[in-house]
Number of protein chains: 2
Amino acid sequence: MVDPVGVALPTLRRLPLYLRLFEERRRAGEEWLSSEVLARRLGLRSIQVRKDLSSVGALGSPKRGFPVQATAETLSLLLRRDSYSSVFLVGAGHLALAFLEDESLSRHGFEVAAVFHPAPAMRGARLGGREVLPLAKLPDLSRRMGVRLAVFAIETEWAAEALEGLGGSEIGGIVDLTGGELAAPRDLAVVRASFGACLSTLVGELSKRPGRAV
Amino acid sequence: MVDPVGVALPTLRRLPLYLRLFEERRRAGEEWLSSEVLARRLGLRSIQVRKDLSSVGALGSPKRGFPVQATAETLSLLLRRDSYSSVFLVGAGHLALAFLEDESLSRHGFEVAAVFHPAPAMRGARLGGREVLPLAKLPDLSRRMGVRLAVFAIETEWAAEALEGLGGSEIGGIVDLTGGELAAPRDLAVVRASFGACLSTLVGELSKRPGRAV
DNA sequence: TCATGTGAATACTTTCACAGCA
DNA sequence: TGCTGTGAAAGTATTCACATGA
């Protein structure tokens, strides 16, 4: 099996999209799925789909496309790596709840192991059926469960405190959904994501399009 | 003023991070801010900060750094372009509410003009103090308000219907937060974003780091 | 002929090296 | 000396061109 490490990052982000369509096809009882069809469904170029699939060792057959069953299997195995699959969620608001309910997590091979919040007022609260744990429990749980990833979906006024609460844990990287408030410590990998950035990306895409003027 | 079109996309996504720190400094009464300090706060390299700022025409001064007042002004003007600043939000769940409340929108120069949902059951509902409008009103409002961007933060079972509801509107691109369910029509730019993809990116970052093994 | 697979070419980003200025 | 500014270089990602196989 191909090691996920070594697969280009943009490719890695597209694989779950392919997987979803392969599984849709599998349920429909189809045997083959071509890069052209995939590309059309996803708004990509077929050459890119082929490069991506070829980079993870998925093998297609000329004239027919890629075998649905085998390719779905390959992608599924690749995305469901076992380390890094559990994440801690820090936060208990709308954003945290939306994260908890999101289907894309399992498709990318992740699951939420526990939910934390630093506010004393949150003691005993529940989020989506889970207990919200005090932040103080995070380091110990992280070590015992081997969880190395955390997601910050927390009010900005609590962000700094939550960051400190990672001290002594195994957390090696965080996804920052707070909107860039967080100062990134040197020993922590930080991926920032925000709705605003998504929109900026979209505007960038549009301005590159030949059609309608900006 | 530098045209946002022509500024590299990754740069465009980092600018709001700089702007936030410049404004923080301005409130603190500081006059100068160096690329090194910016970089340290954000987990970037100083050279990248300088390249970014230079690409939008921000001018620094040797030994001191970048002038806080002037640079904040430049960034602010650049990000607050006037077309593409209003967006329609489609959806009314936790994710939609989180989107509505997100601070990163204004920092990137966007604002939510109206909220829509295709479900008849949602008639008259409110989301974050706004009325949730029936999807049928979207095309007309889009034309009258000149809104060309939409954000899909909607349950997957409604996504397809919502997409059809864009027919006859001015919408030229959408941000798809549904997790990749949407089939992308050829005439629409689609930016997909999902929590799962963010986590994949983080794992990719970590695996590139020299330190701790994966 | 249709669709894959691959090495080359192109485009885009980041990083380096060093010049210049206070 | 400290930090900016810029052109060159390196590193990535995407796209092209064409060989191959059913």
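The model shown is predicted, which means the values in this text are computed figures rather than measured ones. Per chain, numbering begins at 1; letters A, B, ... match sequence-line order.
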First encountered from the 5' end of DNA chain C, between A/Gly65 and A/Lys51:
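In this pair, the answer is A/Gly65.
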
Salt bridge (Lys or Arg N to Asp or Glu O under 4.0 Å): which pairs involve residues 47-56 of chain B, sequence neighbours left out?
B/Arg14-B/Asp52

Is the shortest heavy-atom distance from the side chain of A/Tyr18 to the side chain of A/Leu15 under 4.5 Å?
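The answer is yes; the side chains approach within 4.5 Å.
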
Can you tell if the side chain of B/Ile171 reaches within under 4.5 Å of the side chain of B/Leu149, non-hydrogen atoms only?
no

Please state how far atom [atom1] in [X] lies from atom [atom2] in [N], giving the value in whole angstrom units.
X	N	atom1	atom2	answer
A/Leu15	D/dA13	CG	P	13 Å
A/Asp52	C/dG5	CG	P	12 Å
B/Gln48	C/dC16	CD	C1'	13 Å
A/Arg14	D/dT15	CZ	P	9 Å
A/Leu33	C/dC2	CG	P	19 Å
B/Ile47	D/dG2	CD1	P	18 Å
B/Phe66	D/dC3	CZ	P	12 Å
B/Arg13	C/dT13	CZ	P	9 Å

Sugar-phosphate only, base, or nothing, as touched by B/Ser46 at under 4.0 Å among non-hydrogen atoms
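It contacts nothing in the nucleic acid.
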
Just checking B/Ser35: base, sugar-phosphate only, or nothing, at a heavy-atom cut-off of under 4.0 Å?
sugar-phosphate

Ion pair present between A/Arg41 and A/Glu24, side-chain N to carboxylate O less than 4.0 angstrom?
yes

Can you figure out which of C/dC21, D/dT15, C/dT6 approaches the side chain of A/Ser54 most closely?
C/dT6

May I ask you to verify if any side-chain N or O of A/Ser61 is less than 4.0 angstrom from the OP1 or OP2 atom of D/dA22?
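No, because none of the side-chain N or O atoms of A/Ser61 sits under 4.0 Å from OP1 or OP2 of D/dA22.
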
Are any of B/Arg50's side-chain N or O atoms less than 4.0 Å away from OP1 or OP2 of D/dT4?
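For B/Arg50, the contact criterion (side-chain N or O under 4.0 Å from OP1 or OP2 of D/dT4) is met.
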
